[in-house]
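Have a look at the structure below, then the notes.
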Amino acid sequence: MTQSHVKARDGKVDPRDRSERKLKPQPTRAVLKRLVAPFASLKLTVTLLTFSMLLVFFGTMAQIDDGIWTVVDKYFWSVWVWVPGHLSVKFAQIFFSVPPTYQIDPAWGFPLPGGYTLGWLLFVNLIAAHMVRFKFSWKRTGIVLIHSGLILLLVGEFITRKYAVEGSMTIEEGNSSNYVIDQRSVELAIIDGSASELDLVTSIPQQLLRKGESVRNPLLPFDVTVREFYPNSSVTEPDDWNTSKANLATAGDGRRVKASPNAVVAGTEVNAKADLPSAYVSLIGKKGEELGTYLVSVWLSELSNRTEQTVSVDGKPYRFTMRFKRTYKPYTISLKDFRHDVYLGTDTPKNYQSDVRLVDSETGVDREASIKMNEPLRHRGETFYQSSFLPGDRGTVLQVVRNPGWLIPYLSCGLVSAGMLFHFCFHLFGFLRRRAVS
Amino acid sequence: MKSFTNRFGPWILALALVLVLTLVNRPRYTSTSTMDLNGFGRLPVVDRGRMKPIDTLARNSLMVISGGRTTYKDSEDKPQPAIRWLLDTMTSRLLKNERADENKVFRIDNDQVLSLLKLPRREGLKYSLKEIAPEIEELAKEAEHARVQEPAKRDIYQAKLLELAEHLQLSIKIATLEIPLLIPPKNAESTQWTTLIEAAQRAVATEKSGGEPDDDPVVREVITLLRSYTEGDANAFNESLKKYGALVSSSIPPEDLRRASFETVFNDLQPFYSGMYFYAFAFLLTCLGWVMSSRPLGVFLNRTAFSLVTFSLIIHTIALISRMYIQGRPPVTNLYSSAVFIGWGCVALGLVIERITGMGVGNAVAAVTGGFSLIVANFLASGGDTLEMMQAVLDTNFWLATHVTCVTLGYTATFVAGFLGIGYIVWGMATPTMTRVRGKSLNKVIYGVICFATLLSFVGTVLGGIWADQSWGRFWGWDPKENGAILIVLWNALILHARWGGLVKDRGIAVLAVGGNIVTAWSYFGTNQLGVGLHAYGFNNTLATSLAIFWTSQLAIIGIGLLPLNFWWSVRAEQSRDAASPKTPPPTRVPNSLKKGGRRINPLPSEG
């Protein structure tokens, strides 16, 4: 009885599978399918997945040399990438005891398709496959769910990449702040403090601060020529000022201290820190008069309590400084208390916590909150995370993120998990049922 | 009677093996003293932020110093428990106990370091403080040289020197009673533990400042206890221990005391250490079962192996739960616990596979992966306390329970698929017993496990992203660890798509599954080595070298798996069977009648 029942089921399933392959659609659809078919191939999928793995692997190895953001741009958000050969040598040196002195020609390497290319090709491959091969049936539901979840994940990454804004807010205990800084870029801010109530700030973004570049703009009281720009640097007080020749600076702080370039911070470094740029800029008045060459650096602004440098143009003083890029907010956060608890008898941190008060003049919000690790504060589409703290626990550093796509990964994870569970359970139960019947 | 033997024989034999192995593994000490050292070991102290029994402190510190041992040899070369070393060391300065200097506890395995100290290379490589002392000035000088050297430029000699210096320092800290926080808070509400020295100083200070002579009974009792230990007065020691125990239990919540004494029992049983032997024996039995697979004894042995793995899994499970109870956390909290947990998952999955297929392959995978993961875990344990406190960002049971558990199970399934792949290749290549049907059926299992691995590693990875979004607002950052996780997902997805696209058949799946071992090992250990490996070149590269060896072995297996099919013994055997009975065409679909007997290891009458 059971046996014949199963046969009947088998009898139903098998011919349908075959008829799917023999399907004779209308001519236009057939042509379309023939065109799309090569893009729908599973061989292409496997090839693309292989390249993706290579890209991810070398994108990891590259973080030995470069900062994580540089690598992300070069490898994962690019059309193609040139992978230097010495990365493979490094791999062999770490794991296969190749002597650290072994070097290869720096020109050697090989190209790989970048994240953009692979992402789009996988996307096309997936859509084509669904157009050509897949017909809706219960059996296919899982696969469709999984793949729509994956597409959603890619879309989410795209939205994050394009629209997410990250910054950080540093507040000392008892003080407050209404701006967010972006540690990944700097700006040269020129401040006109002549108005009594508000400062007028004009700032030059990092993209324009390139060696040899001149910035001319009617909003600025003077032109700025960049003599040197170091993406990462250190500022020291040299013992022997063997000066005039070596020192570019002719005025201001640069006559006392000296900046020298450093390698940018690598992604695999254990305690990766931010890059600390410096620059030597020449200021030239609108009538062409030399106002001097100055050293500007985040070392002088963010990392010490030094005030801005000042230059006079036509008797009117302007302050200027290089600082991390600032974005001003319509709300103020004040830090009431910062807590840094450790486990008894150790330095192992147990808890970081910022007790803050948030005042938003536009929405009338005035509330108190505690921000802890894994417990962020959300306000007006922005999220505040406990990120770091000032030396001596004097204050807190909050990470401030606005990401319109933050919910997408949650949805995607749900879709893909549901799809996989459905698909694998469908097959597992089929398998077990066949076993049980036999 | 016969059916009784068949049914329960394997279980009884396995149980007997467990008991014998446990007894054999228990360290024996020849001690004539009646001092209640175990009772002392149960006393709670605080070290590295965690309240633990003093026995745990003794074992972990000795492990660090002596390179993974919880026993040592005293001046007369008799084995002694860690707690005795700790007591000797604690009394060495305070009460001038000279035994401490003669305990052979410092492991020195570098020839250059040995020759600097003018010491002979001897079996076990353990040396006492007394032996090191004559050249200690020289050692300090050389170690100082090494310390100022940039970490990346240190050679192995310098790294080993610094290691020894650190171990000496740890021993000195215990000798000067800086470690542990021994004196409990005055009442149950306070959490302020102090060292013995601080407590004594406090007492003296109060007395000097004209206050009441601080009659701190706890301090007094500890000193009496240590003195009677030094003098070897067992009665006084036990008496004083009783009084001290009563004092301590009045100032600590009873729950903490229960936990501490439970941990001592856990330490004493060493379930993860004995586990290695259980799994090794189970593997031996499985292999014997294969060799004799055509006889009833073979079946019996295979079933005994199954029973033994089942018992080991029960013990493994209890041990995992015990750790969770002691720590009050989900199972995976650091690298050590992930190894233990991966082993547990592999064994459980292996048993399920054995129940489904019954070919001994499930047993083998369970035994090999279980044993292997415990070896890795024991290696990692020599770094110190394996129940360490969680850094602030990790202090969340929700994410530890979901993301970490899920992703670890993903690693587990990928490893199981990989080892099944090795099983497939070895079985098919080196034996004539893998028929088409059996090969197919094993391959279905590999495929199923890969599906499972894809699900878990994907969900685990995305949950990790969501955790990252919750804790610093960035779902995906392309950092080395995240990239490692995504590689596993990609690799599993690649295998599945290759199978669906018909690019690979049974053998291809098995070979690709072995590749999964390489990818997972990279994500699990390799990515950690990038930062560490660069900053401490040549320092602790045991892990890097082991990884290289593992990868090479996996590549070799893949190479063997790719040999043309005429090299496969099982394929040739099949062909000759086909030639012998040309009338029966090779079955294209598995007849149900053959599947049914899958649990048997002996060939069925219908085959052959």
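Every chain is numbered from 1, with letters handed out A, B, ... down the list of sequences. Not measured: the values here are computed from a predicted model. Heavy-atom basis, side chains included; hydrogens, waters and symmetry copies ignored.
Separating the CG atom in A/Asn125 from the NE2 atom in B/His497 is a distance of 8.0 Å, to the nearest 0.5 Å. Atom CG of B/Leu463 sits about 10.0 Å away from atom OH of A/Tyr410, to the nearest 0.5 Å. Once rounded to the nearest 0.5 Å, the distance linking OG of A/Ser417 with CG of B/Leu456 reads 10.0 Å. Going from atom CD of B/Gln470 over to atom CH2 of A/Trp406 covers 7.5 Å, rounded to the nearest 0.5 Å.
Considering only heavy atoms from C-beta on, B/Phe458 comes within 4.5 Å of A/Met420 through its side chain. Between A/Phe96 and B/Thr552, the closest side-chain pair of non-hydrogen atoms falls below 4.5 Å. Side-chain contact between A/Val71 and B/Trp478 is absent, with no heavy-atom pair separated by less than 4.5 Å. For the pair B/Phe475/A/Glu157, a side-chain contact is recorded, criterion being any heavy-atom separation below 4.5 Å from C-beta on. Residues B/Asp469 and A/Tyr385 form a side-chain contact, since some pair of their non-hydrogen atoms from C-beta on lies under 4.5 Å apart. A/Val416 places none of its side-chain heavy atoms less than 4.5 Å from the side chain of B/Val459. Annotation: side chain of B/Trp467 is in contact with side chain of A/Asn374 (closest heavy-atom distance under 4.5 Å).
Looking at B/Leu181, only its side chain comes within 4.5 Å of chain A, counting heavy atoms on both sides. Heavy atoms of A/Phe76 lying under 4.5 Å from chain B belong exclusively to its side chain. Only the side chain of B/Leu503 comes within less than 4.5 Å of a heavy atom of chain A; its backbone N, CA, C and O stay farther away. Only the side chain of B/Ile486 comes within contact range of chain A, with heavy atoms under 4.5 Å apart. Proximity to chain B is limited to the side chain of A/Thr45, based on heavy atoms less than 4.5 angstrom apart. Of the atoms belonging to A/Phe95, heavy atoms from both backbone and side chain fall under 4.5 Å from chain B. At a 4.5 Å heavy-atom cutoff, A/Arg161 makes no contact with chain B through either its backbone or its side chain. Only the side chain of B/Leu547 comes within contact range of chain A, judged by heavy atoms closer than 4.5 Å.
Counting heavy-atom pairs closer than 4.5 Å to chain A, the top-ranked of the candidates B/Asn483, B/Val46, B/Val519 is B/Asn483. Counting heavy-atom pairs closer than 4.5 Å to chain A, the top residue among B/Ile179, B/Thr454, B/Ile466, B/Leu496 is B/Ile466. In terms of heavy-atom pairs under 4.5 Å with chain A, the best-connected choice from B/Ile495, B/Leu490, B/Thr195 is B/Leu490.
Judged as a salt bridge (Lys or Arg N to Asp or Glu O under 4.0 Å), and not counting sequence neighbours, A/Asp182 has no contacts.
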Quick one: side chains of residues 47-56 of chain A, donor-acceptor pairs under 3.5 Å with protein atoms, not counting sequence neighbours, listed by atom name and distance.
unit_1  : atom_1 : unit_2  : atom_2 : d
A/Thr47 : OG1    : A/Lys43 : O      : 2.6
A/Thr50 : OG1    : A/Val46 : O      : 2.7
A/Ser52 : OG     : A/Leu48 : O      : 2.7

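Heavy-atom contacts from other residues, nucleotides or ligands closer than 6.0 Å to CZ of A/Phe424 number more than 12. The environment of CZ in B/Arg48 is sparse: at most 12 heavy-atom neighbours from other residues, nucleotides or ligands sit within 6.0 Å.
Of all heavy-atom pairs between B/Val462 and A/Pro409, the closest is CG1-O, 4.1 Å. Contact record, A/Gln63 with B/Pro480: OE1-CD, 3.2 Å, taken as the closest heavy-atom pair.
Note: B/Trp500 and A/His423 have perpendicular aromatic rings, judged against thresholds of 30 and 60 degrees for the angle between ring planes.
For B/Trp551 and A/Phe91, the ring centers are positioned less than 6.0 Å apart.
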